[in-house]
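In what follows, chains are A, B, ... by sequence order, proteins preceding strands, each numbered from 1. All values derive from a computational prediction rather than experimental measurement.
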Amino acid sequence: MKPFSIYNTLTRKVEEFVPRHGRIVTYYSCGPTVYLPQHLGNLRAYVFVDTLKRALRFNGYDVRHVMNITDVGHLTSDADAGEDKIEKTARAEGKSPLAVAKYYTDQFKRDCARLRIELPPDEESITGAVRPPASILCRATNHIADMIGLIERIVRNGLGYVTASGVYFDVEKWRGPSGMGRLSRQSLTEQHAGQRLEHSADKRSPHDFALWVLNQPHHLMQWDSPWGRGYPGWHIECSAMAMRYLGETIDIHSGGLDHIPVHHENEIAQSEGATGQPFVRYFVHNAFLVGMEGAKISKSAGRFPVLDDLVAAAIDPLAFRLLCFGAKYRSELAFNLDAVRAAAKNLGYLQEFTRSLPESAIGADDAAWAAEYRERFHDALNNDLNTPVALAVMLELVAEANRRQDPRVWHTLNDFDQVVNLGLAHELRASREEATDARLQGLLEQREAARQARDYQRSDDLRREIEALGWEIKDTKEGPRITRRRGTP
RNA sequence: GGCGGCGUACCCAAGUGGCUAAGGGAGAGGUCUGCAAAACCUCCAUUCAGCGGUUCGAAUCCGCUCGCCGCCUCCA
């Protein structure tokens, strides 16, 4: 069995993963900024986070997962004269920033549920906890004090300076263990060779970044701080919340690869500037979903498709999950309707196989021939999360079971599904419940009697009647079998 | 201007020096079948954007060309 290995952006190599503390893995993943619905590209990132977590668990690790909800706004661009994204939506929708954040947070959680993405427990649902929970979904606005504390440490270490427009991190002075520019491989001078943005005149150096922003009276969300009323810089929330729940050095930090040059670079600088300790041991970045512009699925042109667009097209959200699983997290995934429909087909194949499993196969041990699939699946997973190969193994396992007419693979399949997470165990349970529905049984028996009597006219009429109730009939050697009609085309 | 990456069949997508270039979808044919569905079988890239080079051997390494994309610090 190969050990779990993952590509570490810090070293640009696939490395064997070894956590700091035995079987416990501390994991921080960048969460959403809640001012718009999450589009499919964003959701791919969260499917990846979920898959990484599950792959770690498959290897016996206990994952402590922290994910942030960015509910304090950051600026849309310099050109907007400092307009905050959340406040922009708030003004457009005539709501308060917090109401906007709540609305889109709820929508995000609903989308994750439909994709079977397991989020950490929401801090707002945790009550009366004496010690910090192992895993948590936490909001920036609930951790302002932590951020201020961290900024104070940075200032005390001589790495932050206060100006009229805010507190900035002094990049020139910092010489941390990881080194500025290490993630992006760009030296500071290289980064500014092509100067693009104007910067605040208060900054000592153009690449210094804000820890705390001051004197922005039009900004709706403001808090008191030792430096005056204002709001936190974009990067500080991740450092503060990661440290609050996971400690000063965390095992894994993940995010989209767009975060490499700025967000994560700055996170490292400010975190290590405060603690003097390495902040992250394995930095993991996922690639984008591309081609959404031409996907012809979003209702309004120019908008990236969202999960509701798939649902409206009668595509099971789990097909999207499987589509993501079918590509490596480090490769761009080209999205189009054909691709997601192909995934839907595979989803149906696995569900259909599961539903048709006989009790004897579920009660028995798996066939001996299934063992090699388990090893191949595990090796693929451990090889830098090679999920497309893992999926191939899963499909081949089912194909061989069908070919041999030997269905004794349920335990293996279900174990794979702890990572792929299509809810096959739920599918199995549902198929059992369906078969015991009394009213349907009556109709089915009538139809079967008609078939035996070769009264196919009546048989087909009854089929239509059953279908109208939302069920589908399949005639098998063992007799008719009904399943709930699915939205999958 | 800088940094990083991508281009494998009609579509999605593994493979990054050496068995016949994984797997899936679509397509074609077949078995089974009252019909339908499912399932299974067979076929489906002498070839990996193009051109050179290194090597006994390259989709995999090097160079150039073409095309595409992400990021560059108060930008998810």
Colleague: Compare the minimum distances between each of B:A13, B:A36, B:C40 and the side chain of A:Arg463, then state the nucleotide with the smallest one.
Modeller: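 Of all the options, the side chain of A:Arg463 is nearest to B:A36.
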Colleague: Which part of the nucleic acid, if any, lies within contact of A:Ala399, taking any heavy atom under 4.0 Å across all strands shown: a base, the sugar-phosphate backbone alone, or nothing?
Modeller: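 Answer is sugar-phosphate: A:Ala399 comes under 4.0 Å of backbone atoms only.
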Colleague: Looking only at the side chain of A:Asp460 (C-beta and beyond, no hydrogens), which of the listed nucleotides B:G34, B:C40, B:G15 gets closest?
Modeller: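 Minimum distance to the A:Asp460 side chain belongs to B:G34.
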Colleague: Might you list the N or O atoms of the protein lying below 3.5 Å from N or O atoms in nucleotides 9-11 of chain B, with each pair's distance?
Modeller:
| from | atom 1 | to | atom 2 | distance (Å) |
| --- | --- | --- | --- | --- |
| B:C11 | O2' | A:Asn336 | ND2 | 3.4 |

Colleague: Assert yes or no for the condition that the ring centre distance of A:Phe108 to A:Tyr46 is strictly below 6.0 Å.
Modeller: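 Centroid distance A:Phe108-A:Tyr46: below 6.0 Å, so yes.
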Colleague: Is the gap between the ring centers of A:Phe58 and A:Phe377 under 6.0 Å?
Modeller: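 That pair passes the under 6.0 Å test.
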Colleague: For residues A:His285 and A:His264, is any side-chain donor paired with an opposing acceptor at under 3.5 Å?
Modeller: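 Distance-only check passes for A:His285 and A:His264.
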Colleague: Side chain of A:Asn346, heavy atoms from C-beta onward: which of B:C69, B:G24, B:A13 has the nearest atom to it?
Modeller: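 Among B:C69, B:G24, B:A13, the one nearest the side chain of A:Asn346 is B:G24.
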Colleague: Treating A:Asp417 as the side-chain partner and A:Asn421 as the backbone partner, does any N or O pair qualify as donor plus acceptor under 3.5 Å?
Modeller: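 Yes, because the side chain of A:Asp417 sits within donor-acceptor range (under 3.5 Å) of the backbone of A:Asn421.
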Colleague: Could you tell me whether the phosphate oxygens of B:G5, OP1 or OP2, come under 4.0 Å of any side-chain nitrogen or oxygen in A:Tyr7?
Modeller: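 For B:G5, OP1/OP2 do not have a side-chain N/O of A:Tyr7 under 4.0 Å.
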Colleague: Is the cationic atom of A:Arg12 (NZ for Lys, CZ for Arg) positioned less than 6.0 Å from the six-membered ring centroid of A:Tyr7 and within 45 degrees of its normal?
Modeller: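 No, A:Arg12 and A:Tyr7 do not form such a contact.
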Colleague: Which listed nucleotide (B:C74, B:C35, B:G23) is nearest to the side chain of A:Glu396?
Modeller: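 Output: B:G23.
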Colleague: How far does the P atom of B:A14 sit from the matching atom of B:G7, given to the nearest Å?
Modeller: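 After rounding to an integer number of Å, I get 9 Å for this pair.
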Colleague: Can you give me the N/O atom pairs linking the protein to nucleotides 26-32 of chain B at distances under 3.5 Å, or say none if there are none?
Modeller:
| from | atom 1 | to | atom 2 | distance (Å) |
| --- | --- | --- | --- | --- |
| B:A26 | OP1 | A:Lys345 | NZ | 3.1 |

Colleague: Between B:C40, B:G15, B:G34, which nucleotide has the shortest distance from any of its atoms to the side chain of A:Asn386?
Modeller: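 Taking heavy atoms from C-beta onward, the closest nucleotide is B:G15.
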Colleague: Checking contacts here: which listed nucleotide (B:C74, B:A13, B:A39) is nearest the side-chain heavy atoms of A:Ser165?
Modeller: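 So the nucleotide nearest the side chain must be B:C74.
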Colleague: Return the 5'-most residue of the pair A:Phe288, A:Arg454 with respect to RNA chain B, ranking by each residue's nearest nucleotide.
Modeller: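 First, find each residue's nearest nucleotide; the 5'-ward one identifies A:Arg454.
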Colleague: Quick check for you: among B:A22, B:C74, B:A38, whose closest atom lies nearest to any side-chain atom of A:Phe209?
Modeller: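 The answer is B:C74, which lies nearest to the side chain.
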Colleague: Quick check on RNA chain B: between A:Asp475 and A:Tyr35, whose nearest nucleotide comes earlier from the 5' end?
Modeller: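 Its nearest nucleotide being more 5', the pick is A:Asp475.
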Colleague: Would you say the side chain of A:Thr387 lies within less than 4.5 Å of the side chain of A:Val419, judging by non-hydrogen atoms?
Modeller: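 When only atoms from C-beta onward are counted, A:Thr387 and A:Val419 do not touch, as no gap falls below 4.5 Å.
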Colleague: Kindly say if A:Ser356 contacts the phosphate of B:A39, meaning a side-chain N or O under 4.0 Å from OP1 or OP2.
Modeller: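 So the side-chain polar atoms of A:Ser356 never come under 4.0 Å of the phosphate oxygens OP1 or OP2 of B:A39.
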Colleague: Taking N and O atoms by type only, does the side chain of A:Asn383 place a donor or acceptor under 3.5 Å from a partner on the base of B:G15?
Modeller: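 No such pair is found, so the answer is no.
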Colleague: Expressed as a whole number of Å, how far does the C1' atom of B:A21 sit from that of B:G5?
Modeller: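 Going atom to atom, C1' in each nucleotide, I get 23 Å.
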Colleague: Taking only the P atom of each, what is the distance from B:U16 to B:A37 in whole angstrom?
Modeller: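 B:U16 and B:A37 have their P atoms separated by 40 Å.
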Colleague: Going by salt bridge (charged side-chain N to carboxylate O under 4.0 Å, His left out), A:Arg447 matches just one of A:Asp461, A:Asp475, A:Asp460. Which one?
Modeller: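 Single salt bridge (charged side-chain N to carboxylate O under 4.0 Å, His left out) partner of A:Arg447 among A:Asp461, A:Asp475, A:Asp460: A:Asp475.
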Colleague: Regarding A:Leu395, tell me which of base, sugar-phosphate or nothing describes its non-hydrogen contacts under 4.0 Å with the strands shown.
Modeller: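 The answer is sugar-phosphate, as A:Leu395 gets under 4.0 Å only of primed atoms, P, OP1 or OP2.
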Colleague: Mind checking whether A:Val398 and A:Tyr349 have side chains closer than 4.5 Å, heavy atoms only?
Modeller: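 Sidechains of A:Tyr349 and A:Val398: in contact.
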Colleague: Flag the pair A:Ser5 / A:Asn382 as yes when at least one side-chain heavy-atom distance between them is below 4.5 Å, and no otherwise.
Modeller: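 No, side chains not in contact.
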